[in-house]
Number of protein chains: 2
Amino acid sequence: MKLSQGVEWGLHCAALLALAPPGMTVRREGLAGHYALPVTYLAKHLQAMARAGVLHAVTGPRGGYRLARPPGDITVLDVVEAIEGPAPPFVCQEIRQRGTGAVPPESCRRPCAIDALMTQADRAWRDSLRAVTIADLVDRYPPGLRERNAELVAKAAS
Amino acid sequence: MKLSQGVEWGLHCAALLALAPPGMTVRREGLAGHYALPVTYLAKHLQAMARAGVLHAVTGPRGGYRLARPPGDITVLDVVEAIEGPAPPFVCQEIRQRGTGAVPPESCRRPCAIDALMTQADRAWRDSLRAVTIADLVDRYPPGLRERNAELVAKAAS
DNA sequence: GGATTGGTACTCGGATATTACGTGTCCGAGTATTCTAGG
DNA sequence: CCTAGAATACTCGGACACGTAATATCCGAGTACCAATCC
């Protein structure tokens, strides 16, 4: 059970894009340089976020990425699912219906207790991530960092 | 983000062991046959659970596995951590301290908002799994299954 | 001087190698049993 | 008949291959800009 590091990159970049002037875009080189990330690999995750509808990509000169929606309308879960995929981490294999202790299918209309429990835990995790937006993240920056990053990203914007 | 299928196997086997007569052990062949699982691979996970102190292994003739503690004292989280490892799925790389937008270390005494959020979500997930024990799982069996499985495991026990 | 058209430089998008981890399997270490031999 | 001993069969434990997904990287597709040219 390991979460891709791309999630951290994507969240930091989304928070940074939230500080860019409205309508302006930031190149992936600018995003990668701000956090010293490998440009080519970061591109893969930015691409996934664009495909998921979290970011909007503009090609050509003066192109780059911008948030597809206002920061307050993008939840952390949106970014996580964009990068990790929407598939749940646990999928019940229904092993209770196999082997010498097989339970007849007519007794398996309800999901087994283990599946239900895992689904509930996953729901708690996702709810926790859904409750926070990108706008909340920048609001929780240390004092002064918001202004400084906004200035830096404004120089990199085009 | 994918959870090992061994978690499902381990939880089902733990629930089955909870129905075994007190003090008796069940061979891994018996556990695997009950759910039609590959014996050799299941052994790997049972071994991990034994190492984590969830199961107690007995070698030699009439050996096998039994729960190391009463079913009510073993949480689902214990089994999950025994198989998946106790490491959290998200580890902050502190990329905010790197690159052209690097934040000075003295401003990073507190974990960044992303790290705090991920830790909180992971806590919610673990709390959800910690709230349920193996005893709860067998209590949620469909009517009659508990008695039937108890009878089956009693025959396989030694 | 203004509009048009072709070229050019710049950006992202998808396809391609490399590495790490989960998956699957095997043989060796250790123990209770059991059979045999001696008293 | 009882006891001591060694052989034996059975169980788990750790070490060894394989497949899939995350990691890391490259080159091609598409667009806006710019310059040269024509009207």
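The structure displayed is predicted, hence computed values, not measured ones. Letters A, B, ... mirror the listed sequences (proteins, then strands); counts begin at 1. Note: hydrogens, waters and symmetry copies are ignored here, and every other heavy atom, side chains too, is used.
Not a single donor-acceptor pair under 3.5 Å links the side chain of B/Gln120 to the backbone N or O of A/Ser128. For A/Asp136 (side chain) and A/Thr133 (main-chain N/O), a donor-acceptor pair under 3.5 Å exists by modelled atom type.
Neither A/Leu17 nor A/Val58 shares a network with the other; the hydrophobic side chains, linked directly or stepwise wherever heavy atoms of I, L, V, M, F, W or Y lie under 4.5 Å apart, form separate groups for each. Residues B/Met1 and A/Trp9 share a hydrophobic cluster, clusters being chains of Ile/Leu/Val/Met/Phe/Trp/Tyr side chains in contact below 4.5 Å.
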Q: Check the pair A/Arg130, A/Asp78 against salt bridge (charged side-chain N to carboxylate O under 4.0 Å, His left out), reporting the backbone distance first and the verdict last.
A: CA-CA 8 Å; A/Arg130 205 194 332 265; A/Asp78 291 332; over 6 Å; no
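Ion pair B/Arg126/B/Asp122 flagged as a salt bridge, since at least one NZ, NE, NH1 or NH2 atom sits closer than 4.0 Å to an Asp/Glu carboxylate oxygen.
Side-chain nitrogen and oxygen atoms of B/Arg28 include at least one within less than 4.0 Å of the OP1 or OP2 phosphate oxygen of D/dC12.
Residues of residues 48-66 of chain B having a heavy atom closer than 4.0 Å to DNA chain D, listed by number: B/Arg51, B/Ala57, B/Val58, B/Thr59, B/Gly60, B/Pro61, B/Gly63, B/Gly64, B/Tyr65. Taken residue by residue, residues 87-97 of chain B places no heavy atom nearer than 4.0 Å to DNA chain D.
Nucleotide D/dG13 holds its C1' atom 17 Å from the CZ atom of B/Arg27, rounded to whole Å. Straight-line distance from the CD atom of B/Gln47 to the P atom of C/dA29: 15 Å, rounded to whole Å. Here C/dG22 presents its C1' atom at 13 Å from CD1 of B/Ile83, a figure rounded to the nearest Å. For the pair A/Glu29 CD and C/dC10 P, the interatomic distance rounds to 12 Å; values are reported in whole Å.
Between B/Thr75 atom OG1 and B/Leu137 atom CG the span is 10.0 Å, to the nearest 0.5 Å. The line from CD of A/Gln93 to CG of A/Asp115 is 10.0 Å long, rounded to the nearest 0.5 Å.
In this structure, A/Leu19 and A/Tyr141 have side chains that are in contact, with non-hydrogen atoms separated by less than 4.5 Å. Looking at heavy atoms from C-beta onward, B/Thr100 lies out of side-chain contact with A/Leu152 at the 4.5 angstrom threshold.
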Could you write out each protein N or O paired with an N or O of nucleotides 22-25 of chain D at a distance under 3.5 Å?
unit_1 : atom_1 : unit_2  : atom_2 : d
D/dT23 : OP2    : A/Ser4  : OG     : 2.8
D/dT23 : OP2    : A/Tyr41 : OH     : 2.9
D/dT23 : O5'    : A/Tyr41 : OH     : 3.1
D/dA24 : OP2    : A/Gln5  : NE2    : 3.0
D/dA24 : N6     : A/Lys44 : NZ     : 3.4

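At a cut-off of 3.5 Å, with distance as the only test, no side-chain donor of B/Gln5 or B/Glu8 sits close to an acceptor on the other residue.
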